[in-house]
Amino acid sequence: MSEFTRKTVSKDIFGRLLRNDGIFVNREAMRPSYMPDILPHREKEISDMASILVPALRGETPSNIFIYGKTGTGKTAVTKYVGKELVKKGEELDRKVNFVYINCEVVDTQYRLLQNISNHFINDWSERIPFTGWPTDEVYSKLRSMIDKNGGVTIIILDEIDKLKGDDALYNLSRINSYLERARVSLVGISNDLKFTEFLDPRVKSSLGEENLIFPPYDASELQDILKQRADIALKHNVLDDDVIPLCSALAAQEHGDARRALDLLRIAAELAEREGSPRVTSRYVRLAQNKIEVDRITEVVRTLPTHSKLILLAILLQEKHDKSTGNIGVITTGEVYDVYKELCKKIRTDVLTQRRVADLISELDMLGIITARVISKGRYGRTREIKLSSSADEILKILKEDELFEDLSKYKIQGQTRLI
DNA sequence: CCTCCACCGGAAGTGGAGGAAT
DNA sequence: ATTCCTCCACTTCCGGTGGAGG
């Protein structure tokens with residue numbers, strides 16, 4: 001390679017990718033965090049929520065709300081949207097309305113929750129409540145005085161409320177109004193777990209559930225509208241084949257009408273097309289995207305598995321390979337997996353878990369969708385689980401090998417018949 | 001129709017970690 | 001600092017079971 005070519009190549013690697021001859025106009029519009037101006041097919045939910053919260057604009061306390069809906073049904077988007085509008089209207093009417101959004105998956109303890117809400121009212125950086133150090137009830141009383149001093153109506157959104165540890169925090173928050181003189185607080189809890197309220201303190205339950213909103217899943221045609229709207233903003237005109245949006249919608253509709261899933265499919269399909277230099281997104285890229293999402297999911301799950309679950313997974317993998325090479329056509333059973341697993345443990349000098357425990361871990365792997373395990377009866381030869389890998393063995397092996405512990409282990413060969421007949 | 005295999009899966013208990021209360 | 005409590009991973013024990021082979 002001449003001096004000249006090397007220079008141009010290295011100089012242009014980003015230039016070529018940067019030149020906007022791809023498919024996207026505004027990539028952000030396809031991300032889950034993007035907030036569109038219009039939320040299609042959520043008009044009813046928006047107006048329901050608005051009518052519950054409108055007392056805030058008259059300085060009265062709105063009812064607390066509990067919102068339930070599966071992932072990707074627009075709970076968070078609708079709530080944030082209504083909140084934004086409410087604050088805007090409040091400024092117009094000169095009514096003080098505060099809107100605090102907390103994601104309980106990130107802020108999951110009582111202390112951090114109270115700390116976070118309090119800091120929302122403290123602009124001066126040096127005045128802020130530290131991550132740790134204060135007694136919990138002091139933070140609580142600080143919060144009360146902050147809210148009272150601030151006045152007006154404060155609406156606190158607790159997203160993913162089921163992730164919050166302990167219900168003391170909810171109990172305290174739901175009673176805060178009786179300690180306030182000049183201000184009012186109302187709570188909005190969001191969850192995708194309907195059973196969540198069953199385990200709650202009955203007092204919290206009745207106070208939080210003054211109003212309930214249920215967000216139904218989107219159906220395929222509603223998903224199409226959402227995708228069309230986003231595609232208009234995010235993509236160049238006329239880069240999608242006609243069947244791309246219907247396909248994305250149909251696939252996502254099968255997954256309980258998850259709009260986020262639909263958007264991910266479309267975005268990844270477009271990204272794959274762009275990366276391959278294709279001028280158009282075809283249904284082939286949607287299929288590839290779906291595959292990529294699945295592989296990414298499996299990769300992530302397997303990578304973060306605890307050691308013993310990985311060992312069990314490897315045991316299943318080895319057994320499957322062994323069966324294939326010996327032409328054995330029987331199904332893999334719990335007992336066989338357990339035997340191989342024991343050997344693997346011995347090899348790396350790890351304690352062996354009991355078969356009972358291993359059975360539970362196998363069920364977990366099943367629930368994670370890495371394997372399928374269903375109970376079958378082999379008559380005289382007992383009752384057991386039939387265990388199968390649910391995705392490519394090589395793919396999983398590759399991920400397992402990332403763990404240095406499994407580097408050598410994966411070469412382990414099962415000696416002959418592990419079980420006498 | 002009965003037996004009996006090779007597990008399933010519920011119940012109860014242990015022990016250690018981590019957080020809250022005193 | 002110490003005790004208490006709660007959670008979690010795991011063990012022990014054991015009754016239960018679908019159906020091939022007798």
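Per chain, numbering begins at 1; letters A, B, ... match sequence-line order. Note: hydrogens, waters and symmetry copies are ignored here, and every other heavy atom, side chains too, is used.
Side-chain contact of A/Tyr285 with A/Glu271: a donor-acceptor pair under 3.5 Å is absent, judged by distance alone. Looking only at atom types and distance, the side chain of A/Asp241 has no donor-acceptor partner in the side chain of A/Thr282 under 3.5 Å away. One side chain, A/Ser363 or A/Arg385, offers a donor N or O that lies under 3.5 Å from an acceptor on the other.
Taking the 5' to 3' direction, DNA chain C first and last meets chain A under 4.0 angstrom from a heavy atom at C/dA9 to C/dG21.
The stretch residues 344-361 of chain A comes close to DNA chain C through A/Val352, A/Leu353, A/Thr354, A/Arg356, A/Arg357, each having a heavy atom under 4.0 Å from the strand.
Using a 4.0 Å cut-off between charged nitrogen and carboxylate oxygen, A/Asp232 and A/Lys228 do not count as a salt-bridge pair. Between A/Lys401 and A/Glu407, no side-chain nitrogen of the basic residue sits less than 4.0 Å from a carboxylate oxygen of the acidic one, so the salt-bridge criterion is not met. Taking a cutoff of 4.0 Å between a charged side-chain nitrogen and a carboxylate oxygen, A/Glu294 and A/Arg297 qualify as a salt bridge.
Put simply, CD1 on A/Ile102 and NE2 on A/His120 are 7.5 Å apart, with the number rounded to the nearest 0.5 Å. Rounded to the nearest 0.5 Å, atoms CZ (A/Arg356) and CG (A/Leu361) are 10.5 Å apart.
Residue A/Gly382 is the one, among A/Gly382 and A/Val375, whose nearest nucleotide of DNA chain B lies closer to the 5' end (criterion: closest heavy atom).
Side-chain N/O atoms of A/Ser377 include none lying less than 4.0 angstrom from OP1 or OP2 on B/dA6. Listed pair A/Arg385 / B/dG9 meets the phosphate criterion, a side-chain N or O lying under 4.0 Å from OP1 or OP2.
Atom OH in A/Tyr338 sits about 12 Å away from atom P in B/dC8, given to the nearest Å. Following rounding to the nearest Å, A/Ile332 (CD1) and B/dA6 (P) show an atom-to-atom distance of 18 Å.
Across all strands shown, B/dG9 is found opposite C/dC14 as a Watson-Crick or G-U wobble partner, with both distances under 3.5 Å.
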